[in-house]
Enquirer: 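Let me give you the structure first, and then I'll get to my questions.
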Amino acid sequence: MDTVFALFPVVALIWSMTKARPLTAHVALPLAALCAVLIQWGYFQADALTLSANIIAGGLAVLTPVSIIAGAILLNRVLVISGAEQTLRQWLAGISTNPVAQLMVIGWAFAFMLEGASGFGTPAAIAAPILVGLGFPALPVALLTLVMNSVPVSFGAVGTPAWFGFAGLALAAPLRLEVAQWTALIHLCASFVIPVIALRWLVSWREIWKNSGFILISIVSCTAPFFLIAQINDEFPSLLGGAIGLLISIWMAKLGVGLHQTAPVTDRSSIKPPSNYALVQALLPFVLLIIILLVTRIPSWPFKGWLNDTSLWWQFGVIEVSRALVVAWPNILGTNVDWFYKALYVPAIIPFVLTVAIISPILSLSKSQIYQASAETWGRLKRPILALMGALIMVSVMMQGAENAPIFVIANTLASVVGANWAYVAALLGALGSFFSGSATVSNLTFGGIQLTIATQTGLPVSVILALQSVGAAMGNMVCLNNIIAVASILGIQNQEGVMIKQTLKPLLVYAVVAALLGQVILTWLI
């Protein structure tokens with residue numbers, strides 16, 4: 001009965017957003033959060049004060065994803081208003097007019113590199129508007145970027161889900177590296193399937209087959225270095241793999257290697273190639289974005305420590321502000337529930353707002369144009385704020401209760417039912433964590449301990465089970481509510497969140513099957 005009540009908010013949410021006349025996310029998610037609160041209070045007998053603190057923490061936590069979305073939208077609006085996005089489209093059209101090449105270069109390789117540098121849904125937020133600007137329809141583009149942005153996630157944001165996500169398990173360095181190696185191998189194998197499924201939303205199977213040579217080159221140019229780097233390091237596989245893959249993909253696209261001559265998405269016969277100066281201006285925001293992200297996220301450099309400095313600087317009532325502008329509310333309502341917001345480290349002010357501030361004079365933007373970009377950004381944020389607030393409150397509430405928390409009840413039920421065959425569903429638990437929390441890192445932090453315990457109890461190799469958790473957390477990015485709402489907001493897609501979940505669930509299940517089969521092959525080989 002505990003499992004039934006624990007699952008009820010999740011089932012109700014999925015049903016309400018995928019039924020014949022679906023509820024919109026900004027309605028369904030707050031209702032699901034209310035349902036979770038009532039079940040925690042009425043059935044699980046959760047402490048009312050702690051429950052209230054978790055509601056407050058969940059509501060305040062919306063500041064993180066909303067600020068990231070706002071920064072991505074602001075940069076996009078500035079590029080559109082200044083004409084830089086049009087210049088970028090002209091340049092990309094010059095690389096190749098082949099739709100498959102454009103989708104692989106931007107939606108796969110470019111996004112792969114961005115995930116390695118940043119994470120937090122940034123790849124879809126940046127790549128999707130460029131593809132729409134090239135003439136591709138918004139909804140299929142959103143689906144493609146969500147699905148494409150799964151393989152590199154395990155080592156996204158300079159490896160944060162790997163080295164930080166499993167930090168609480170105190171894994172020995174060799175074991176942590178072994179987890180990274182198995183993770184990369186599973187992703188490498190899945191990458192031959194997942195990008196192809198994503199392409200199908202925008203091009204026919206016939207076009208995919210005709211351009212299969214280039215598709216294969218683009219996939220391998222990212223995942224081969226990704227896999228090789230993971231053999232020695234768990235921070236840079238996605239970043240360096242994506243950078244190498246992007247350069248090779250652009251080079252091969254220019255040469256037309258593996259590409260079939262086909263009609264472009266739109267008629268570009270009247271579009272002239274941009275000047276070198278205009279191209280530098282258009283590319284500068286992305287170069288700055290990547291440089292700033294790299295500088296602020298490499299652990300061995302001092303900047304990451306500076307931006308995460310929690311030394312108290314100022315206090316106003318219960319709110320504390322650190323020297324690095326980390327805003328915190330510790331022990332909310334006298335409980336052990338905390339909330340904090342890293343204003344300078346969350347990818348919002350740095351790099352997005354900082355990048356906009358640097359490029360505005362270079363792009364000759366007037367004050368009225370900057371105001372227009374800001375107004376358009378706010379216009380796209382109104383409904384997502386409600387949706388994200390509902391999602392985060394629901395997550396916060398369902399994680400209350402330690403071993404008796406609803407989310408752990410669900411996980412333990414799965415483990416008890418499956419038993420020694422746990423490797424078949426281990427990745428699905430990781431995906432469930434990402435679906436709830438919106439983060440592969442949080443999924444690993446939340447369920448890494450459970451996965452470790454199950455592996456120990458069943459005698460399965462810890463490295464393989466944790467690798468499946470990592471892969472599952474990455475593939476969960478496809479159905480992650482935060483990412484779906486973010487990319488829909490940036491592209492101006494309204495009331496389609498349920499449709500997007502329903503569509504991205506299909507490739508997720510394919511990914512899960514690939515992960516399960518590979519997991520069993522690895523286990524058979526090891527045991």
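These values consider heavy atoms only, across backbone and side chains, with no hydrogens, waters or symmetry-generated copies. Starting from 1, each residue takes its place in the sequence as its number.
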Enquirer: With sequence neighbours left out, what residues match I522 under side chain to side chain contact (heavy atoms under 4.5 Å, CB included)?
Expert: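 Side chain to side chain contact (heavy atoms under 4.5 Å, CB included) check on I522 returns W182, L185, I186, V464, L526.
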
Enquirer: Taking only residues two or more places apart in sequence or in another chain, which ones pass ring-ring contact (aromatic ring centres under 6.0 Å, His included) with F214?
Expert: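 F214 satisfies ring-ring contact (aromatic ring centres under 6.0 Å, His included) with no residue once adjacent residues are dropped.
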
Enquirer: Is there a donor-acceptor contact under 3.5 Å from the side chain of S249 to the main chain of L246?
Expert: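 Such a contact is absent between S249 side chain and L246 backbone.
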
Enquirer: Is it the case that the side chain of S434 and the backbone of A473 share a donor-acceptor pair, with hydrogens and angles ignored and the cut-off at 3.5 Å?
Expert: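 Yes, S434 side chain to A473 backbone: donor-acceptor pair under 3.5 Å.
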
Enquirer: Between L468 and V425, does a side chain to side chain contact (heavy atoms under 4.5 Å, CB included) hold up when you go through it step by step?
Expert: CA-CA 9 Å; L468 289 169; V425 296; over 6 Å; no

Enquirer: Where the side chain of Q181 meets the backbone of Q231, is there a donor-acceptor pair that is under 3.5 Å apart?
Expert: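 Present.
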
Enquirer: In chain order, what residues pass the side-chain hydrogen bond (donor to acceptor under 3.5 Å, both in side chains) check against K342, with sequence neighbours excluded?
Expert: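 Here the qualifying residues are N308.
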
Enquirer: Side chain to side chain contact (heavy atoms under 4.5 Å, CB included) for K506 and I197? Distances and angles first, verdict last.
Expert: CA-CA 9 Å; K506 299 172 185 176; I197 294 174; over 6 Å; no

Enquirer: For N444 and A162, indicate whether the former's side chain and the latter's backbone hold a donor-acceptor pair under 3.5 Å.
Expert: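 Checking the backbone N and O of A162 against the side chain of N444, no donor-acceptor pair under 3.5 Å is found.
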
Enquirer: Under the 3.5 angstrom rule, does the side chain of T87 hit a backbone N or O of G83 as a donor-acceptor pair?
Expert: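 Looks like yes, one N/O pair under 3.5 Å.
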
Enquirer: Would you list the pairs meeting side chain to side chain donor-acceptor pair (under 3.5 Å) in which at least one residue belongs to residues 185-199, sequence neighbours left out?
Expert: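 Those involving residues 185-199 are S154-H187, H187-Y511.
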
Enquirer: Start with the C-alpha gap between L143 and M478, add the side-chain angles, then the distance that decides, and say whether side chain to side chain contact (heavy atoms under 4.5 Å, CB included) holds.
Expert: CA-CA 8 Å; L143 296 172; M478 299 181 190; over 6 Å; no

Enquirer: Please name all residues satisfying salt bridge (Lys or Arg N to Asp or Glu O under 4.0 Å) with E376, sequence neighbours left out, ordered by chain then number.
Expert: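 Listed in chain order: R77.
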
Enquirer: Spell out, as yes or no, whether a donor-acceptor pair under 3.5 Å connects the side chain of S221 to the backbone of I217.
Expert: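 Yes: the side chain of S221 pairs with the backbone of I217.
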
Enquirer: Give the minimum heavy-atom separation between M475 and S150, together with the two atoms involved.
Expert: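 Taking every non-hydrogen atom into account, CA-CB, 4.2 Å.
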
Enquirer: Do Q469 and T183 get their side chains close enough for a donor-acceptor pair, meaning under 3.5 Å?
Expert: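 Result is no, nothing qualifies.
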
Enquirer: Check the orientation of F112 and W108. Use parallel for under 30°, tilted for 30 to 60°, and perpendicular for over 60°.
Expert: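 F112 vs W108 ring planes: perpendicular.
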
Enquirer: If you apply the rule side chain to side chain contact (heavy atoms under 4.5 Å, CB included), what do you find for Y341 with S67, and how did you get there?
Expert: CA-CA 10 Å; Y341 174 71; S67 60; 2.9 Å; yes

Enquirer: Quick one: which residue pairs count as a salt bridge (Lys or Arg N to Asp or Glu O under 4.0 Å) with a foot in residues 152-161, not counting sequence neighbours?
Expert: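 Of all non-adjacent pairs touching residues 152-161, none passes salt bridge (Lys or Arg N to Asp or Glu O under 4.0 Å).
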
